[in-house]
Amino acid sequence: MKFAAMISFLLFAVFPQVVLADSPDLAPTPPMGWNSWNKFQTRINEQLIHDVAEAMIANGMRDAGYTCINLDDGWSMKKRDDEGNLVGDTKRFSSGMKALGDYLHDHGFKFGIYNCAGTQTCAGYPGTRDHDEQDAKTYASWGVDYLKYDWCHTEGLKAPEAYKKMSDALRATDRPMVFSICEWGGSKPWTWANGVGQLWRTTGDIGPCYDCKGQYTNGWKTLLDQQVGLEKYAGPGHWNDPDMLEVGNGSMTLPESRGHFSLWCILAAPLIAGNDVRHMKDEVHDILTNRDAIAVDQDPLGKQGFRVSKDDGKEIWAKELSGGDWAVGALNTGSESAKLDVDWNKLDFLKDTYTVRDLWTKQDVGDTSKPYTTEVDSHDVAFLRLHPAK
Ligand code: GLA
């Protein structure tokens, strides 16, 4: 047994909850799953969650790695019970939250839930403020595996303290729960949240578009720009979260969905699908379940990718992978389809000659001994995997 493993084993014998909750095993690679918010907001109920779970089994998403099913805002009653406990909405989740957790576990999923550090959630349901331990115990008793913890109605609170308090409350239960910090980036959680949670939002909310603006949302390109420089803060067990996927939602074209997914994989972002997986186009399904793309996201080295260059109409992004491989994405930022060049000589981290595979067309497209040029749709990404040539 290695020394570190032996220490863990001994600690586990004495303080099981500490080792379980701190274990990088909670999120050794970026979490993957589905969340109700982007498509359904608070229009959620037990039947929907059952149907989503069954669809994700039938369409291969669960087996492709999307193993968490996360209820977002709107699952609870509008008031706590007489003892101050949170209660699932008794009409919309009539079998109860423990039964929902059991259902998800029986179907091979983990059970995710949502709340806020403030007095209320963003949609006006009871928040956790001053109920940290009580709520953590409630979640543990329901079999919750993942808590997304939001930041509405938090007047007077300091984010590092409020999140640490809930993190400690979760650890004090005997149930390992992934802690997803959703503070929108205001207090730079990447500087304080490693060790508090396994992932932290770096931005405000995503909207279902390339670069449009909603009242509280921005398209994925705006959020992508905000990730530049954050790569050094991510690694196994602690991930930057540029928000959930909008693949297949709203007005996004298929190339825009593909570009979004490619870049989220290069960012080692959590891959939390947010579309109606019961009824999606085959092309959307094929994006979400592309195993080669997912393997880039889930690469065990756990390195977040970075922007290599930004030119008129083109950005190059790259991510180091295990085994000496690299992923490279060429994003067409123009409004028309265009021929993009990838000049390998400008990627000074490449030390050798590599074979090149296009992860969307699934074709081997040569090697890095000569520049690569390919047609890329507007807002799409040529997503390439490089492997050292023999
Ligand atoms: C905030 C979060 C979103 C979602 C909503 C729910 O805006 O950032 O991801 O959870 O609250 O009300």
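As the structure is a computational prediction, the values presented were derived from the model and not from experiment. Remember, it's 1-based here, ligands and their atoms both numbered in the order they're listed.
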Would a 4.5 Å heavy-atom cut-off, applied to side chains only, mark L271 and W264 as touching?
->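 Yes, side chains in contact.
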Is the shortest side-chain N to carboxylate O distance from K221 to E315 below 4.0 Å?
->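 Looking at E315 together with K221, the answer is yes, because their closest N to O distance falls below 4.0 Å.
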Quick one: does D73 get an N or O within less than 3.5 Å of an N or O on ligand 1?
->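 Right, the criterion is met.
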May I ask you to check whether D150 has an N/O atom sitting below 3.5 Å from an N/O atom of ligand 1?
->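 Right, the criterion is met.
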Distance under 6.0 Å and angle within 45° of the ring axis: does K319 meet both against F306?
->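 No, K319 does not lie over the aromatic ring of F306.
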Audit row: W220, Y210, ring-ring contact (aromatic ring centres under 6.0 Å, His included) steps and yes/no | CA-CA 5 Å; W220 62 260; Y210 174 71; 5.0 Å; yes
When rounded to the nearest 0.5 angstrom, what is the spacing between NZ in K339 and OG1 in T373?
->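 OG1 of T373 is found 8.0 Å from NZ of K339.
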Give the residue, atom name and distance (to 0.1 Å) of the protein heavy atom nearest atom 3 (C) of ligand 1.
->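 Looking only at protein heavy atoms, the one closest to atom 3 (C) of ligand 1 is D205 OD2, 3.4 Å.
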Identify, for atom 4 (C) of ligand 1, the protein heavy atom at the shortest distance, and state residue, atom and that distance.
->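 Here the closest protein heavy atom is D72 OD1, 3.4 Å.
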Is C152 touching ligand 1 with its side chain, its backbone, both, or neither, if touching means heavy atoms under 4.0 Å apart?
->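 Neither part.
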Backbone, side chain, both or neither: what part of W184 comes under 4.0 angstrom of ligand 1, heavy atoms only?
->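 The answer is the side chain.
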Could you list which atoms of ligand 1 come closer than 4.0 Å to a heavy atom of [X]?
X	value
K148	3 (C), 4 (C), 9 (O), 10 (O)
C122	1 (C), 11 (O), 12 (O)
C182	2 (C), 8 (O)
W37	4 (C), 5 (C), 6 (C), 12 (O)

For K39, does its backbone N or O pair with a side-chain atom of R43 as donor and acceptor, under 3.5 Å?
->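 A pair under 3.5 Å: yes.
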Going by heavy atoms, is [X] under 4.0 Å from ligand 1?
X	result
R201	yes
T121	no
Y114	yes

Any side-chain donor paired with an acceptor under 3.5 Å for T353 and D367?
->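 Per modelled atom types, T353 and D367 side chains form no pair under 3.5 Å.
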Does atom NZ of K158 have more than 12 heavy-atom neighbours, drawn from other residues, nucleotides or ligands, at distances under 6.0 Å?
->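 No, because the 6.0 Å sphere around NZ of K158 holds 12 heavy atoms or fewer from other groups.
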Check the surroundings of atom CD in Q120: do more than 12 heavy atoms from other residues, nucleotides or ligands lie under 6.0 Å from it?
->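 Check passes, neighbour count above 12.
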